[in-house]
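Below you'll find the structure, written out as structure tokens, and then a few comments.
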Amino acid sequence: MERLESTWLNKLPSSLRWIGVFIGIGLGFLVSYFGDYAPYPTLALGLVLLFVLLVKHPRFALVLLLLSLFSLDWLSIQLGLLPRSVTWLQELILVALLVRTIWMMSRRGTMRRASVGWILVALLLIGVLATTLQSNSAITMLLGFRLFFKYSALFFILINLDFNLDFLKGLLDLLLVLVFMQIPIAFLQWLGGGNVDNFSGTLGQGTTGFLGVLITFTFCIAFGFATHDKRRRWLLPATALLFIPIVLASIKAVFFLVPVALLFTARRRILQAPRLTLSLLAVIALLYIGVVIVAPTDPSYTTESVVNYLISPTEIVQREFRMASSGRLNRLSGILATVDLMSERAWGGGIGLGPGAATKSYFEGYSGVLADVGDARGPDRTEISVTLIEFGPIGLALFLLLYYRLFKKNARLYSSLAPGYWKAVSLAYDGIVFTYVLSSVYAQVWTADVLTFTFWFMSALVVILCRQSGHAQLIANPA
């Protein structure tokens with residue numbers, strides 16, 4: 001990576017610079033914790049020092065960003081050990097990385113674009129136009145944009161900063177380590193008792209659905225390694241351990257998402273390697289049988305337990321219909337209710353009611369006009385519903401086009417790569433895109449920080465690999 005030259009930071013010894021990094025982080029957390037009691041000079045010093053050091057050390061900034069995704073919501077919202085304001089550290093890191101990116105582009109004189117850039121620009125314009133037509137608050141719009149687009153900004157940061165492939169590989173490895181850390185933490189949460197919706201590891205309160213989708217991503221990555229990277233084939237059987245938090249938190253949707261995602265990822269190999277496909281199906285079947293036999297059940301969740309879901313799926317479907325008839329919306333009826341609701345409003349001219357219109361905000365007075373429509377399973381439960389409300393059918397179509405364009409780009413990349421680590425990553429990306437789109441009818445996955453980070457990070461890898469597909473690193477399997 002190109003280095004900053006002739007700055008006062010470069011003249012400092014490396015040890016002093018890293019001491020400054022940790023002092024800046026410490027000041028930032030102290031200021032956040034004491035809030036209004038923190039003197040303004042301390043606040044300014046802490047934030048400025050931290051910001052400058054993040055700009056100076058983009059690799060450290062990315063690692064810190066990933067660690068914060070797996071810790072801050074848990075520590076602040078669920079455990080109450082930190083104030084919620086510390087979660088804005090992620091935004092601070094992204095802004096610092098954006099400043100670094102702009103500086104690098106100005107020195108290089110060019111901006112590396114992606115073929116999907118015009119779609120993101122079109123979605124931003126739709127959001128601004130819808131907000132103007134509906135006379136919504138500009139702050140509500142910005143908060144809505146923040147949820148949908150902050151990690152697509154990371155996508156452009158990654159393709160414009162010259163991180164080497166070894167560092168990006170290490171970042172992916174760290175992501176996998178953090179996913180597997182959810183196993184012991186979810187187990188400890190289960191031992192402590194309480195609501196199963198809070199057995200979500202370090203992702204935060206009520207995020208078991210996001211954990212299920214993240215675990216499905218991990219299965220896709222493990223299958224990619226099992227197919228194309230002999231040294232990492234052990235990861236696929238190791239992912240069986242991820243069924244521990246799935247069962248403890250009763251994340252029933254995973255028993256649908258994982259087999260479907262793996263079969264989609266393996267579709268190229270079904271005829272080429274029937275033994276691998278049969279082995280995959282056998283593993284899924286054994287896991288299914290094992291969970292039915294040994295999975296614990298919670299008496300208060302008898303009809304929603306994993307065991308009942310697997311043994312009697314028809315009973316679960318009938319229960320959902322009973323809930324809908326009594327006025328409580330399930331996911332499917334929530335989507336249909338959204339269609340009816342938006343039809344009454346003429347779909348906002350096809351472009352929705354503007355970003356943030358269906359989103360609750362922690363800032364008083366800036367929640368969307370439809371943020372409180374429905375209950376916990378109402379129109380604000382799934383990504384399809386939220387996107388239809390905020391961006392309309394035109395916006396939803398553009399989002400789907402965006403994911404399709406990335407999917408097709410990866411298909412071309414996959415055919416050009418030699419077997420090895422990066423071909424495994426390309427294969428895994430197929431399943432990740434598929435899961436990301438499919439689970440939009442299950443939860444708000446396109447605005448969940450840990451999921452959007454993973455998706456856009458993997459998307460950036462695809463674009464970077466396309467640009468470097470002729471390099472020797474992609475021919476030999478990296479260590």
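Along the sequence shown, the residues carry numbers beginning at 1.
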Which atom pair, heavy atoms only, marks the closest approach of Val254 to Pro259? O-CD, 3.8 Å
Do Val433 and Asn410 touch side chain to side chain, with heavy atoms closer than 4.5 Å? no
Test item: Ser200 side-chain N/O and Gly204 main-chain N/O as donor-acceptor pair under 3.5 Å: yes
Polar side-chain atom of Glu383 near backbone of Val445 as donor-acceptor pair, under 3.5 Å: yes
What distance separates Thr382 OG1 from Trp446 CH2, expressed to the nearest 0.5 Å? 9.5 Å
More than 12 heavy atoms of other residues, nucleotides or ligands under 6.0 Å from CH2 of Trp234: yes or no? no
So, Arg232 side chain and Ala424 main chain: donor-acceptor pair closer than 3.5 Å or not? no
Residue pair Val437 / Phe407, side-chain heavy-atom distance below 4.5 Å: no
Examine distances only and state if a side-chain atom of Thr454 and a backbone atom of Val450 form a donor-acceptor pair shorter than 3.5 Å. yes
Give a yes or no on whether the ring-centroid distance for Tyr442 and Phe256 is below 6.0 angstrom. no
Closest contact, heavy atoms only, Asn198 versus Gln205: OD1-CG, 3.1 Å
Could you tell me which non-hydrogen atom of Ser439 sits nearest to which non-hydrogen atom of Tyr436, and how far apart they are? OG-O, 3.5 Å
Mind checking the CD1-OG spacing from Ile119 to Ser152? Nearest 0.5 Å is all I need. 12.0 Å
CZ of Phe149 to CG of Leu123: how many Å apart, nearest 0.5 Å? 4.5 Å
Are the ring centres of Tyr403 and Phe455 closer than 6.0 Å? yes
Quick check against the 3.5 Å criterion: does Thr131 have a side-chain atom that pairs as donor or acceptor with the backbone of Gly354? no
Decide if the gap between the ring center of Tyr421 and the ring center of Phe225 is smaller than 6.0 angstrom. yes
Pairwise distance NZ(Lys408) to CG(Leu413) - rounded to 0.5 angstrom: 13.5 Å
Check: Phe264 main-chain N/O paired with Arg267 side-chain donor or acceptor under 3.5 Å: yes
Any side-chain donor paired with an acceptor under 3.5 Å for Thr265 and Asp430? no
Leu165 and Leu465, any side-chain heavy atoms less than 4.5 Å apart: yes
In chain order, what residues pass the ring-ring contact (aromatic ring centres under 6.0 Å, His included) check against Phe180, with sequence neighbours excluded? none
Do Leu236 and Thr239 come close enough that some side-chain heavy atom pair is under 4.5 Å? yes
If you look at every heavy atom in Ser76 and Thr87, which pair is closest and at what distance? OG-CG2, 3.6 Å
Only counting residues at least two apart or in another chain, list the ones meeting salt bridge (charged side-chain N to carboxylate O under 4.0 Å, His left out) with Arg146. Glu91
Once rounded to the nearest 0.5 Å, what's the spacing between atom OG1 of Thr435 and atom CD1 of Ile215? 12.5 Å
Might you point out which heavy atoms bring Gln182 and Thr202 nearest each other, and give the distance in Å? OE1-N, 2.6 Å
Taking side-chain hydrogen bond (donor to acceptor under 3.5 Å, both in side chains) as the criterion, tell me which of Thr452, Asp449, Thr447 meets it with Lys150. Asp449
If you count the non-hydrogen atoms of other residues, nucleotides and ligands that lie under 6.0 Å from CZ in Phe167, is the total more than 12? yes
Using side-chain heavy atoms (C-beta onward) and a distance below 4.5 Å, is Val116 in contact with Phe155? yes
Taking every non-hydrogen atom, the tightest pair across Pro245 and Ile183: CD-CG1, 4.1 Å
Rounded to the nearest 0.5 Å, what separates atom OG1 in Thr216 from atom CZ in Phe434? 11.0 Å
State whether the side chain of Gln78 and the backbone N or O of Asp73 hold a donor-acceptor pair below 3.5 Å, judged by distance alone. no
Before we go on, tell me: are the rings of Phe243 and Phe255 under 6.0 Å apart, centre to centre? yes
